[in-house]
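In what follows, every heavy atom counts, from backbone to side chain, and hydrogens, waters and symmetry copies are set aside.
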Amino acid sequence: HSSAVQNDGKIILVGEYGAFVIERYTEDGVLDEGFGVNGRVTISFYGYSDAATGVVLDNENNIIVSGYRVKNSITDIDIVLVKLKSNGSIDSSFGENGISSLSIDKLNYTTGMIQQPDGKIIISGQNMKNEYDFKSIFLARFNPDGSIDSSFGENGYITSRFENYVTCTSIALQEDGKILVGGTLSLNLIRPSYYVARYNHDGSIDNSFGENGIASYTFEGQGTEEWDNELHSIIVQPDGKIICGGKQGDYSDFSYDMGLVRFNQNGTLDNSYGENGVVKINYPNHFSQINTLMMQPDGKLIAGATAQDNIVGAGPRLLMRFLDNGELDPGFAINGIQATTNSNFSIACKSGNLEPDGKIILAGYSNSRLLVARYNGDNVLASNFKEV
């Protein structure tokens with residue numbers, strides 16, 4: 001679900017396999033035997049299906065992992081943070097014996113995690129009163145020691161409830177400390193919209209952004225009112241503009257392509273980007289969606305995506321680079337797109353990182369296995385990465 005790169009070049013992956021799974025790879029793509037057991041740490045809480053969904057690193061390469069744990073079937077799921085030392089052992093000085101938790105409603109699913117410059121940690125996700133309640137999102141902030149930050153919102157967290165179906169899939173931090181969360185907002189699943197909400201440092205909604213704190217855009221199709229839009233990632237440009245990536249397509253025949261939307265700093269649509277603020281990308285003969293966004297120091301946008309063959313079902317992972325105007329960069333790979341395949345299996349792209357030397361990490365899973373690939377700056381798949 002998420003990844004991070006240590007300052008020594010080692011790569012952390014976090015995900016799930018009925019429990020939290022944390023893996024560390026050396027810089028040359030080998031499981032690091034100095035971490036956990038043969039490079040892997042597995043954490044199970046109550047014996048149900050837990051999931052690690054986020055990861056950040058502190059200055060000493062200690063690892064803080066966020067996720068959700070199932071305490072009692074689907075009736076009690078809470079937010080949990082675990083801190084690991086650099087060798088993979090649990091840091092008992094964090095929270096309570098290395099673990100910090102929070103319950104907002106009966107069901108709490110984490111989807112995003114960021115770390116502020118002061119070391120505080122913000123978790124985003126969805127809080128649900130029951131398995132049919134999809135109308136609320138949350139932000140929670142924790143101090144570096146794992147305690148809840150009572151100065152944020154009310155008792156350390158805030159919730160935003162909507163009249164309609166909502167998801168919370170991405171979180172980002174502006175340079176001024178304001179917090180962005182993004183996802184999909186819809187009315188009975190018909191014509192859903194990309195949305196970005198902005199919050200002040202204290203957790204209050206920033207009403208100067210968009211309309212009452214929310215910017216949104218709805219892709220629309222031809223001949224149908226059912227348009228399949230999902231926002232998966234947001235990122236802030238150096239100039240403060242906000243780019244959203246995901247999918248857009250026709251719900252009625254289950255076809256979709258990649259989509260990008262750019263908003264100005266105040267939440268209005270940036271009409272100088274793409275076509276009136278919007279970019280649509282088709283990968284021929286495939287359904288496709290952008291899942292992660294990264295920003296190069298020169299302002300060019302890197303996107304990681306998943307594609308699926310609309311006939312046989314399998315599909316490649318896509319790596320793309322875009323110019324500032326939203327066009328694919330013709331100097332990158334083949335007309336701006338590089339495809340990586342794994343035999344006849346699909347590759348899910350979930351996370352990405354840029355290394356200081358310009359190399360690109362894409363992480364996800366394929367064939368029920370965690371999968372990470374590194375690309376050189378010239379976009380050639382690094383040959384020293386291999387199956388382990």
Side-chain angles (χ1 to χ4, degrees), residues 1-3 11 13-17 21 51-55 111-112 167-171 182-184 192 194 219 227-235 243-251 253-261 279-295 301-322 328-329 332-354 360-375 379 381-382 385 387:
H1 290 299
S2 190
S3 58
I11 302 162
L13 304 184
V14 303
E16 61 175 299
Y17 195 76
V21 177
T53 58
V55 59
T111 55
T167 67
C168 179
T169 51
S170 187
I171 185 171
T184 307
Y194 285 20
F219 288 92
W227 201 239
D228 190 15
N229 304 319
E230 290 182 6
L231 183 152
H232 294 297
S233 185
I234 56 175
I235 197 163
I243 299 181
C244 308
K247 72 174 183 178
Q248 50 80 32
D250 194 336
Y251 181 81
D253 64 3
F254 302 102
S255 64
Y256 52 85
D257 295 315
M258 296 170 279
L260 293 169
V261 177
V279 175
K280 298 179 181 180
I281 311 102
N282 171 262
Y283 189 66
N285 302 315
H286 288 73
F287 307 142
S288 55
Q289 59 184 3
I290 291 172
N291 290 324
T292 186
L293 297 173
M294 296 156 274
M295 187 65 62
L301 179 72
I302 298 289
T306 299
Q308 184 176 9
D309 188 301
N310 54 22
I311 298 175
V312 300
R317 165 187 289 174
L318 305 178
L319 179 67
M320 298 168 288
R321 190 165 72 187
F322 296 86
L328 282 164
D329 182 356
F332 186 77
I334 302 173
N335 298 320
I337 300 178
Q338 169 76 1
T340 304
T341 59
N342 181 22
S343 186
N344 292 321
F345 301 108
S346 291
I347 305 177
C349 177
K350 299 288 286 185
S351 177
N353 308 91
L354 291 180
I360 305 161
I361 297 290
L362 288 183
Y365 58 89
S366 181
N367 192 26
S368 300
R369 305 176 72 172
L370 292 123
L371 186 148
V372 60
R374 187 174 68 201
Y375 299 80
N379 197 43
L381 188 64
F385 264 65
E387 189 172 326

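Side-chain contact between Leu371 and Arg317: present, with at least one pair of heavy atoms (C-beta onward) separated by less than 4.5 Å. In this structure, the side chains of Glu230 and Asp228 come closer than 4.5 Å at one or more pairs of heavy atoms. At least one side-chain heavy atom of Leu301 sits under 4.5 Å from a side-chain heavy atom of Ile243. Looking only at side-chain heavy atoms (C-beta outward), Pro316 and Tyr283 come within less than 4.5 Å of each other. In this structure, Leu354 and Ile360 have side chains that are in contact, with non-hydrogen atoms separated by less than 4.5 Å. With a 4.5 Å cut-off on side-chain heavy atoms, Leu231 and Thr169 count as touching. At a threshold of 4.5 Å between non-hydrogen side-chain atoms, the residues Leu328 and Asn335 do not count as touching. The closest side-chain heavy-atom distance from Val21 to Val14 is not below 4.5 Å.
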Practice task
Decide yes or no on side chain to side chain contact (heavy atoms under 4.5 Å, CB included) for Leu362 and Met294, but give the supporting numbers first.
Solution key: CA-CA 10 Å; Leu362 288 183; Met294 296 156 274; 3.9 Å; yes

Practice task
Please lay out, stage by stage, how Met258 and Lys280 fare under the test side chain to side chain contact (heavy atoms under 4.5 Å, CB included).
Solution key: CA-CA 6 Å; Met258 296 170 279; Lys280 298 179 181 180; over 6 Å; no

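One finds no salt bridge joining Asp257 and Lys247 here, because no Lys/Arg side-chain nitrogen approaches an Asp/Glu carboxylate oxygen to under 4.0 Å.
Within the 3.5 Å criterion, the main-chain N or O of Thr167 finds no donor-acceptor partner in the side chain of Thr184. In this structure, Gln338 contributes its side chain and Met320 its backbone to no donor-acceptor pair below 3.5 Å. Side chain of Asn342 to main chain of Ile347: no donor-acceptor pair is present (N/O by atom type, distance under 3.5 Å, no hydrogens or angles). Judged by distance alone, the side chain of Ser233 and the main-chain N or O of Gly245 form no donor-acceptor pair under 3.5 Å. Within the 3.5 Å criterion, the main-chain N or O of Ala363 finds no donor-acceptor partner in the side chain of Ser3. Between the side chain of Asn229 and the backbone N or O of Pro192 there is at least one donor-acceptor pair closer than 3.5 Å. Using a distance-only test at 3.5 Å, with no hydrogens or angles considered, no donor-acceptor pair links the side chain of Thr292 to the main chain of Lys350. In terms of modelled atom types and a separation under 3.5 Å, the side chain of Ser351 and the main chain of His1 share no donor-acceptor contact.
To the nearest 0.5 Å, the span separating CD1 on Ile361 from CG on Leu13 amounts to 8.5 Å. To the nearest 0.5 angstrom, Phe332 atom CZ is 4.0 Å from Leu319 atom CG. Rounding to the nearest 0.5 Å gives a distance of 8.0 Å between CD1 of Ile11 and CG of Asn353. Phe322 contributes atom CZ, which lies 8.5 Å from atom CG of Leu293 (distance to the nearest 0.5 angstrom). Taking OG1 of Thr306 as the start and CG of Asn291 as the end, the distance is 4.5 Å to the nearest 0.5 Å.
No donor-acceptor contact under 3.5 angstrom links the side chains of Tyr17 and Ser368, judged on distance only.
Checked against the 6.0 Å centroid threshold, Tyr194 and Phe219 count as a close aromatic pair.
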